[in-house]
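Structure first, then comments.
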Amino acid sequence: GQIIAATHKVPLADIFSFVLQGKEWINHEWLFQFGAHLFYQQGGADALIFMQNMVALALFLVVFFARLRKENHLFVFSILYLALLTVAYRFTIRPDIFSLLFLAIDLVLIASFLDSGHRAIWCLPILQCLWTNMHGFAFAGPLILLLVLVADVVKKIGPWSAVRKNAALDPSRVRQLILLILLMFLASFVNPQGLKGAAYPFSVLGQISGKGRIFFDYI
């Protein structure tokens, strides 16, 4: 992050390793690195802890206020608080925490669209641009929308179609979902290395049981 701030560009080759100096480096978390540097500049380690807590709080509030319209306040707060305690160990000063926040926003916007056709869902491609440059879990964005579309197709076919007919989406919303999936897919290419940057998370997943297994066993 400090180097990005000083040079005004994202390093595309390894600048830290002696044996791999100059080898292509897909730095898919550069935006988190830059943001962490800005916080650290303002207040050192305390500022990074503040950033960590603000992301956790934002995640909690996004889900909390999204459910208030449908559920009892105390019930929602209690369930979310227990959930927060359960996953608290995951809230480290790493880009993962932004993935959790972006995932929550994603799900809330999609649920709002499915319930009432809320237009806020069109913010998703912008969110996808940020997510792509923040953490590798960004591929979950378009994948969730694709699953919503597949679920709608399943509702309309087979022996259960009559039962699920009322829950299925109308054609206009299906078209909007298809367009959104396309826009979010294109948004994934908005990174310093284009196609390679967008495909990087999948290449990492492919290494979990292969040559990268020893790394993932100790991560």
Say whether, by atom type as modelled, one donor and one acceptor occur between the side chain of [X] and the main chain of [Y] under 3.5 angstrom.
X: Arg173; Y: Phe113; answer: yes
X: Gln42; Y: Ala47; answer: no
X: Ser112; Y: Val108; answer: no
X: Arg90; Y: Ile97; answer: no

Anything under 30° is parallel, anything over 60° is perpendicular, the rest tilted; go ahead and classify [X] against [Y].
X: Phe185; Y: Phe189; answer: perpendicular
X: His37; Y: Phe34; answer: tilted
X: Trp25; Y: Phe16; answer: perpendicular
X: Phe32; Y: Phe98; answer: perpendicular

Applying side-chain contact (heavy atoms from CB on, under 4.5 Å), run through Asp14 and Gln21 and close with a yes or a no. CA-CA 5 Å; Asp14 200 318; Gln21 185 77 216; 5.6 Å; no
Please walk me through it: do Lys196 and Glu24 pass salt bridge (charged side-chain N to carboxylate O under 4.0 Å, His left out)? CA-CA 11 Å; Lys196 289 183 178 179; Glu24 184 182 32; 3.2 Å; yes
Measure the spacing between [atom1] of [X] and [atom2] of [Y] and express it to the nearest 0.5 Å.
X: Ser99; Y: Glu29; atom1: OG; atom2: CD; result: 8.5 Å
X: Leu149; Y: Leu180; atom1: CG; atom2: CG; result: 10.5 Å
X: Ile105; Y: Cys123; atom1: CD1; atom2: SG; result: 10.0 Å
X: Ile3; Y: His8; atom1: CD1; atom2: NE2; result: 13.5 Å
X: Leu145; Y: Ile178; atom1: CG; atom2: CD1; result: 11.0 Å
X: Leu103; Y: Phe137; atom1: CG; atom2: CZ; result: 10.0 Å

How about Phe91 and Phe60: are their ring centroids closer than 6.0 Å?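 That pair fails the under 6.0 Å test.
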Could you tell me if the ring centre of Tyr200 sits under 6.0 Å from that of His28?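 So the answer is yes for these two rings.
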What's the verdict on side-chain contact (heavy atoms from CB on, under 4.5 Å) for Asp152 and Val148, showing C-alpha distance, side-chain angles and the deciding distance? CA-CA 6 Å; Asp152 186 64; Val148 170; 5.8 Å; no
What do the steps show when you test Tyr40 against Gln2 for side-chain contact (heavy atoms from CB on, under 4.5 Å), and what is the final call? CA-CA 10 Å; Tyr40 188 79; Gln2 183 180 19; over 6 Å; no
Taking every non-hydrogen atom, the tightest pair across Ala187 and Pro125: CB-O, 3.5 Å
Among Ile181, Ile110, Leu124, which residue satisfies the side chain to side chain contact (heavy atoms under 4.5 Å, CB included) criterion with Ile144?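 Exactly one pass, corresponding to Ile110.
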Would you say Ile26 and Phe202 are hydrophobically clustered, going by side-chain heavy atoms of ILVMFWY under 4.5 Å?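 Linked within one cluster.
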Going only through I, L, V, M, F, W and Y residues with side-chain contacts under 4.5 Å, is there a path from Met184 to Ile126?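 Different clusters: Met184 never reaches Ile126 through Ile, Leu, Val, Met, Phe, Trp or Tyr contacts under 4.5 Å.
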